[in-house]
**Student:** 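Would you mind keeping the following structure in view while I ask a few things?
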Amino acid sequence: MRAMPGKTLYDKIWDAHVVDEQDGEAILYIDLHLIHEVTTPQAFAGLRANRRGVRRPDRTLAVADHNVPTEDQDLGVDAVQDEEARLQLQTLGKNVAEYGIEYFPMGDVRNGIVHVVGPEQGRTQPGMTIVCGDSHTSTHGAFGALAHGIGTSEVEHVLATQTLRQKKAKNFRVRIEGEPAPGVGAKDFALAVIGVIGTAGGTGYVIEYAGSAVRGLSMEGRMTLCNLTIEGGARAGLVAPDETTFDYLRGRPSAPKGGGWEMAVGYWKTLFSDDDAVFDREIVLDAAQIAPSVTWGTSPEDVIPVTGTVPAPDSFATPDKRASAARALDYMGLAAGQPITEAKVDVVFIGSCTNSRIEDMRAAAKVVEGRRVADGVRAMVVPGSGLVRAQAEEEGLDEVFKAAGFEWREPGCSMCLGMNPDRLTPGQRCASTSNRNFEGRQGRGGRTHLMSPAMAAAAAVTGHIVDVRELL
Amino acid sequence: MEAFTRLDAAAAPLPLANIDTDQIIPKQFLKTVERAGLAKGLFYEYRFDEQGREIPDFVLNQPAYKGAGVLIAGDNFGCGSSREHAPWALMDFGIRCVISTSFADIFYNNCFQNGLLPVVLKADEVRQLMDEARGGNHVVSVDLEAQTVTSPSGAVFRFEIDPKRKAKMLKGLDAIGETLEAAPAIDTYEMKRALSQPWLEGA
C-alpha cells in the first residue's frame, strides 16, 4: 500500500506552482496573466504610485473586449462613442506600451473576448496557472490549466510579482457519464450542474469535470462547461488534457514548437487525477437524462429543462430564497406553473465567452439554415474573436445568419454585460447564450433566459423559447 | 489599505439571497479609471428608478439607514463578476462590514484587499441580526480583534476568520510589499521552471 493517497489534477498543478507557503497561504506562481481594459486601470495606477514594474510582461497578454462596440472596429478607439469607455481603452493602450505587454487592439483580427483569444492563440496550455480580472477565467480550465478570476488589487499583485497569494481550495469532482441526446450539449450540462449544486454549491472548491460525456466534448464544449463553473460558485473548473486538447493546440501561434512540443506533451500527459485521489465532494450526472436547459429567473441556478414549467416561490426551502424567487418572477414577467415555452422573445443574443466559438456558430447556423428570424425579433450573432469571425465567414455561416435576418457583428463581450451599446431596453426578453441572467445584466429591466446556441437559434426562428429538438 | 479594528455603526438589513456584483455596482459605473467616487453607483437599480429618482422603500434610502456602516445580507453575497468595483463602491458609500451566511469566493478575497470586513455568521444569527436591525435601534458593534458581532440588544456572536487575513486587516497591510520580500524565492522558482519546462519561455 502507498503511504500517501494519490493526487487530484488540481493538487498536481497547485503543487507545481507553490513558490512559498506559510500558515496555509501559498505564494503561487502565475504562468499567464490575461488583462483587459475594465479591471486594470487602477492596477497600473497602483504600480506607478508605488514605483513598481511589471515582472513578466512576456507572460501577460492584453485585449480590448468588454467595452468595444461591435461595429466599425477598423476605426480603432475612434469607433467608441462613449467617452468613458474610450478613455478606458486609451488607458489600456498607454499602459501596455509603457510596460511592454503584447496587445491585440480593436480592429486587430486576433482581438476578441479574452477567454476566446487565449486558447485560440495557444497561450492557454495544460498545467498552467492562468488568471485574469474576470470571473470567467475559469474557461481556460478546459485545457487542464488552473485558471480563475481575480480582483483588480490581485491584478496589480500579479503584475508586480507574477504570483498570487492563495489558500488551497477543496477538490470537487463532477462526473457526467453516458451519451447525451441529440441537441443536448455542454451548455445544457453546465446549466444542469448548476441546477443541482446551486450558485454557491461550488464555493471553496475547484471542480474537475470527468466522465465519458465530458471526454466526448470538443475543446469548445469543454470551454463552455468550465466557463460556467463560476456560476456554480467554484472559482475554477478543470478537464484533464487528452488527445482532443493536444489536437486543438498543435500548430497554434504560441503553442510549443519542435522538440518543445514533444517535451510539453510528455508533461501534459501526467496531468490527470490519480485513481486513488480523494475528492472532498463528488456528484454524478447521467448525460442521457439532461434535456436542453433554460433559465427562468435571475440567477443561473434558476434552471429548468425546456420541457418544464416555471416553479412557484413557495417551493423553495428558505425565506430568503422564496423572497428572491418571488422577486425574480416579478422581474421576469412570468407566472408560476407557466410552461417556459410560452415565453416570447424580443431579442436573441448569440455570443459571449461562454458560446461564441466556431462550434457555437456552426450549431446555431445549423438550426437557422433555411429559416427566417420571427417577426419582431432582433437577433444578433457576435463572434468571440476576429479569427472566429473570419473562420465562420470562410465557411459561409455569416451568409446563413444574414439571409435569415440576423445581425452579423464584430467581436467583443457585447450584450453579455451591455457595457458597450448592445443592450436590452426595459421589459425586453432575450434568449441569450451568455452566462448571467442577473437583473439588469444585459440592460436595465432586461429579461435574460440562458440557453445553448442551438436553443437560442431556435428561439430566434420561432419567436419564443422552444425545444430545439423539435427543429432538428 | 484601510485598517479595520472595531466598528460601531448602523446596520442595514437586505434579506435577499444571491446578491450579485452586478446588483452591487452595475456595468455603467465600471468605465472609470479611478477607485474613488463609486458610491453613486452602489445598488443603483435598487436605489434609483429609471428617471434617477430615489426609491424610498429601499433600505439604504430610508433615513434610519442612510449612514449605515454595516450591511446584513442573504446567502452567497457578492456572486458573479469579479469586479473589485463592488467593494470599492460599498466602502465609498461608508459600508465597512458585510454580514452574511456565505460569500462568493472572489468577492470575499476582494474585501480583504480593501479593508472591507466580510463576516460569516450562522443562519439563525444572521436572521436575528436582521430582525433586530429592522427595529428602532440599528447599531451593531463589530470587533475584529475579538472576532465578535454584538447585536443592538446585546447578543454577542462570534465569527471565524483566517488568522493571516485578520492580522493584515487589523494593520491595513499591503500584500504586494509582503510578497516582494519573497522575490529571491520567485527568482529561484523561475530559474528551475525555465530548466524543467523550457517550452514556456519565449512564448
Side-chain angles (χ1 to χ4, degrees), chain A residues 19-20 23 25 27 29 31 38-39 41-42 45 50 52 58 67 82 84-85 87-88 91 123 133-135 149-154 156-157 160-163 165 167 199-200 203-204 233 235 254 256 260-261 263-264 267 299 318 320-321 323-324 327 417-419 426 436 438-441 444, chain B residues 1 15-18 20 22-23 26-28 30-35 45 50 74-76 79-85 87-88 102-107 109-110 113-114 123 127 162-165 174-180 182-183 185-186 188-190 193 196-203:
Chain A
V19 171
D20 197 10
D23 308 325
E25 188 185 58
I27 296 178
Y29 194 76
D31 293 317
V38 175
T39 57
Q42 295 88 348
N50 291 292
R52 290 170 177 151
D58 60 323
N67 269 335
D82 181 329
E84 278 187 295
L87 175 63
Q88 216 171 39
T91 303
R123 283 285 201 132
D134 187 279
S135 59
I150 55 178
T152 298
S153 295
E154 290 173 319
E156 185 179 334
H157 191 283
T161 69
Q162 204 58 31
T163 68
R165 289 179 169 267
K167 288 189 73 165
T199 51
T203 304
R235 290 178 84 172
S254 295
W261 172 261
M263 272 184 89
Y267 172 63
S299 166
T318 66
D320 289 356
K321 295 249 175 185
S324 296
R327 187 184 165 95
L417 83 167
M419 278 194 78
R436 289 188 174 133
F438 298 158
E439 279 182 35
R441 170 83 176 180
R444 185 171 185 143
Chain B
M1 185 182 91
L16 288 171
N18 296 325
D20 57 74
D22 273 82
Q23 309 310 308
K27 59 191 141 289
Q28 63 268 35
L30 308 186
K31 294 172 191 165
T32 176
V33 296
E34 313 285 336
R35 282 176 199 244
E45 291 180 12
E50 281 160 38
D75 302 345
N76 196 30
C79 59
S81 157
S82 63
R83 57 189 71 167
E84 198 163 320
H85 309 71
W88 295 339
S102 61
F103 292 90
D105 278 339
I106 301 178
F107 176 83
N109 269 313
N110 284 341
Q113 310 285 349
N114 292 281
R127 187 142 313 281
D162 175 68
K164 272 200 91 131
R165 287 184 150 157
D174 167 24
I176 298 177
E178 195 187 349
T179 301
L180 285 173
I186 303 172
T188 307
Y189 179 89
E190 281 186 336
R193 279 288 298 269
S196 66
Q197 298 186 19
W199 65 87
L200 289 175
E201 298 303 316

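Model, not experiment: these values are computed from the prediction.
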**Student:** Could you tell me which of A/Thr91, A/Ile27, A/Asp82, A/Thr39 has the largest number of non-hydrogen atom pairs under 4.5 Å with chain B?
**Tutor:** A/Asp82
**Student:** Show your working on side-chain contact (heavy atoms from CB on, under 4.5 Å) between A/Ser153 and B/Arg35 and close with a plain yes or no.
**Tutor:** CA-CA 11 Å; A/Ser153 295; B/Arg35 282 176 199 244; 3.6 Å; yes
**Student:** Go through the atoms of A/Arg444 and report whether side chain, backbone, both or neither lie under 4.5 Å from a heavy atom of chain B.
**Tutor:** both
**Student:** Checking heavy atoms, do the side chain of A/Glu25, its backbone, both or neither come under 4.5 Å from chain B?
**Tutor:** side chain
**Student:** Looking at chain B, which one of A/Gly260, A/Pro256, A/Ser324 has the largest number of heavy-atom pairs inside 4.5 Å, strictly under?
**Tutor:** A/Ser324
**Student:** Counting heavy-atom pairs under 4.5 Å with chain B, which one of A/Lys321, A/Met419, A/Glu84 comes out on top?
**Tutor:** A/Met419
**Student:** Out of B/Glu190, B/Gln28, B/Gln197, B/Glu178, return the one with the most heavy atom pairs under 4.5 angstrom to chain A.
**Tutor:** B/Glu190
**Student:** Check this for me: does any side-chain nitrogen of one of A/Asp31 and A/Arg123 sit under 4.0 Å from a carboxylate oxygen of the other?
**Tutor:** no
**Student:** So which part of A/Thr163 gets closer than 4.5 Å to some heavy atom of chain B, the side chain, the backbone, both or neither?
**Tutor:** side chain
**Student:** Considering only heavy atoms and a distance below 4.5 Å, find which of B/Asp162, B/Thr188, B/Asp75, B/Asn114 pairs most often with chain A.
**Tutor:** B/Asp162
**Student:** Side chain, backbone, both or neither: which part of A/Ser299 has an atom under 4.5 Å from a heavy atom of chain B?
**Tutor:** side chain
**Student:** Measure A/Ala45 against the heavy atoms of chain B and call it side chain, backbone, both or neither at under 4.5 Å.
**Tutor:** neither
**Student:** Mind ranking B/Arg165, B/Arg83, B/Glu34 by heavy-atom pairs under 4.5 Å with chain A and telling me who comes out on top?
**Tutor:** B/Glu34
**Student:** Below 4.5 Å from any heavy atom of chain B, which atoms of A/Asn50 appear? Answer side chain, backbone, both or neither.
**Tutor:** neither
**Student:** Under 4.5 Å from any heavy atom of chain A, what part of B/Pro26 do you find: side chain, backbone, both or neither?
**Tutor:** neither
**Student:** Heavy atoms only, distances under 4.5 angstrom: which of A/Arg165, A/Arg436, A/Arg441 has the most pairs with chain B? Name it, please.
**Tutor:** A/Arg165
**Student:** Regarding A/Arg327 and A/Glu439, does a basic nitrogen lie under 4.0 Å from an acidic carboxylate oxygen?
**Tutor:** yes
**Student:** For B/Leu180 and A/Thr161, what are the C-alpha separation, side-chain angles and deciding distance, and is it a side-chain contact (heavy atoms from CB on, under 4.5 Å)?
**Tutor:** CA-CA 7 Å; B/Leu180 285 173; A/Thr161 69; 3.7 Å; yes
**Student:** Taking every heavy-atom pair that is under 4.5 Å apart, which of A/Thr318, A/Asp20, A/Leu87, A/Val38 has the most such pairs with chain B?
**Tutor:** A/Val38
**Student:** Where on B/Phe103 is there a heavy atom nearer than 4.5 Å to chain A: the side chain, the backbone, both, or neither?
**Tutor:** backbone
**Student:** If I measure from the heavy atoms of chain B, does A/Thr152 come under 4.5 Å with its side chain, its backbone, both, or neither?
**Tutor:** both
**Student:** Report the option among B/Gly80, B/Ala104, B/Ser102 that has the most heavy-atom pairs separated by less than 4.5 Å from atoms of chain A.
**Tutor:** B/Gly80
**Student:** Determine the option with the most heavy-atom pairs under 4.5 angstrom with chain A, choosing from B/Asn110, B/Asn18, B/Ile186.
**Tutor:** B/Ile186
**Student:** In terms of heavy-atom pairs under 4.5 Å, which option from A/Ala323, A/Ala264, A/Gly440, A/Gly149 contacts chain B the most?
**Tutor:** A/Ala264
**Student:** Name the member of B/Arg127, B/His85, B/Glu50 that forms the most heavy-atom pairs with chain A at distances under 4.5 Å.
**Tutor:** B/Glu50
